[in-house]
Protein chains: 2
Amino acid sequence: MQSTDEWSCGVSKVMDIFSGKWKLNILWTIYNEDGIRFNQLKQEITGITNIMLTRSLETLISEDFVSKKRLGSKPPFRSEYYLTAKGKSLLPLMHSLNDWGKINL
Amino acid sequence: MQSTDEWSCGVSKVMDIFSGKWKLNILWTIYNEDGIRFNQLKQEITGITNIMLTRSLETLISEDFVSKKRLGSKPPFRSEYYLTAKGKSLLPLMHSLNDWGKINL
DNA sequence: CAGCATCCACGGAGATACTG
DNA sequence: CAGTATCTCCGTGGATGCTG
């Protein structure tokens with residue numbers, strides 16, 4: 001048996017992961033192109049600005065869904081973003097969301 | 001092949017369904033007790049207030065995830081809340097979220 | 001019992017401009 | 001190229017009190 005409290009508690013936390021306008025989209029974009037760079041991410045995610053991308057990436061990195069590799073020691077800099085194992089574990093969930101949307105929207 | 005645009009579009013809409021602090025919790029509570037009444041809903045969902053419950057239910061009804069049956073023509077009133085077919089279609093998704101949470105949190 | 005009306009606080013989202 | 005620094009706006013969430 002599954003109590004309502006157990007449930008709501010866990011799912012609220014899962015929903016927090018996806019909260020924010022861009023995080024899920026960023027995750028998906030990195031998944032499609034592992035090692036993607038900052039500016040390319042910005043191009044692929046329509047409408048996102050520098051700050052929003054920076055903030056969202058910070059959050060995702062701090063939550064250990066995304067990892068960052070900084071290349072070069074002086075400008076112009078380059079950074080690459082990857083999904084962590086934890087980030088990849090979200091993929092089935094994202095596909096579930098996508099599938100539901102296709103059927104029901 | 002699945003384009004990023006197709007994907008992000010659909011999933012953003014799915015996420016909108018769950019946006020808001022209480023909606024998912026309400027959906028789940030109604031699922032566990034079909035035909036539940038307003039005050040009982042309030043008791044089971046820890047911390048929710050009258051207005052938030054009212055507003056969330058309004059939204060869920062307008063989106064056709066929940067239906068409402070009003071009983072009695074004069075006070076004291078009674079109302080019962082049910083999941084619609086569309087509401088029930090969310091259940092696999094909610095279970096997916098729950099499962100991921102159990103494994104990864 | 002099952003709500004509605006009002007008012008308010010806070011934080012996410014964004015515009016704009018600057019920098020190592 | 002890959003960010004950072006400010007400032008502003010607005011929507012969500014909530015406290016409180018009233019009502020058919």
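Here is how names work: the chains are called A, B, and so on, in the same order as the sequence lines, proteins then strands, and each is numbered from 1.
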In this structure, CG of B:L60 is separated from NZ of B:K68 (nearest 0.5 Å) by 12.5 Å
Within residues 52-66 of chain A, the residues having a heavy atom closer than 4.0 Å to DNA chain C are A:M52, A:R55
Residues in residues 67-78 of chain A with a heavy atom under 4.0 Å of DNA chain D, by number, are A:K68, A:P76, A:F77, A:R78
Between NZ of A:K42 and P of D:dC1 the distance, given in whole Å, is 9 Å
Between CD of A:E80 and P of D:dC1 the distance, given in whole Å, is 15 Å
With a 4.0 Å cut-off (strictly under) to non-hydrogen atoms of chain B, the first and last hit nts on DNA chain C, 5' to 3', are C:dC1 to C:dT6
The side-chain contact (heavy atoms from CB on, under 4.5 Å) partners of A:I103 (sequence neighbours excluded) come to none
Note: B:V66 and B:Y81 closest approach over all heavy atoms is CG1-CD2, 4.1 Å
Heavy-atom nearest pair, A:F38 first then A:L53, reads O-CD2, 3.7 Å
In whole angstroms, the gap separating P of D:dG3 from CD1 of A:I36 amounts to 13 Å
note: A:M15, atom CE; D:dG13, atom P; distance rounded to Å ~ 12 Å
| query | Is any side-chain N or O of B:W22 closer than 4.0 Å to OP1 or OP2 of D:dT12? | reply | no
Below 3.5 Å, can you tabulate the donor-acceptor pairs from side chains in residues 83-94 of chain B to any protein atom, sequence neighbours excluded?
from	atom 1	to	atom 2	distance (Å)
B:T84	OG1	B:D64	O	2.6
B:T84	OG1	B:F65	O	3.3
B:T84	OG1	B:K86	N	3.3
B:T84	OG1	B:G87	N	3.0
B:K86	NZ	B:E63	O	3.2
B:S89	OG	A:W100	NE1	3.2
B:S89	OG	B:K86	O	2.6

To the nearest 10 degrees, the angle between the two end axes of the helix from C:dC1-D:dG20 to C:dG20-D:dC1 (five pairs per end) comes to 60°
Grouping I, L, V, M, F, W and Y whenever their side-chain heavy atoms are under 4.5 Å apart, do A:I61 and A:I26 come out in a common cluster? yes
B:H95 vs B:Y31 aromatic rings, parallel, tilted or perpendicular, using cut-offs 30° and 60°? perpendicular
Next item on the list: Taking the side chain as every heavy atom from C-beta outward, state whether B:M52 and B:K21 have any pair of such atoms under 4.5 Å apart.
Entry: no
Assert: residue with more 5' nearest nucleotide on DNA chain C, out of A:S19 and B:N39, is B:N39
In whole angstroms, the gap separating P of D:dG3 from CZ of A:R37 amounts to 10 Å
note: B:K23, atom NZ; D:dG13, atom P; distance rounded to Å ~ 9 Å
For B:S56 and B:K23 the tightest heavy-atom approach is CB-CG, 4.4 Å
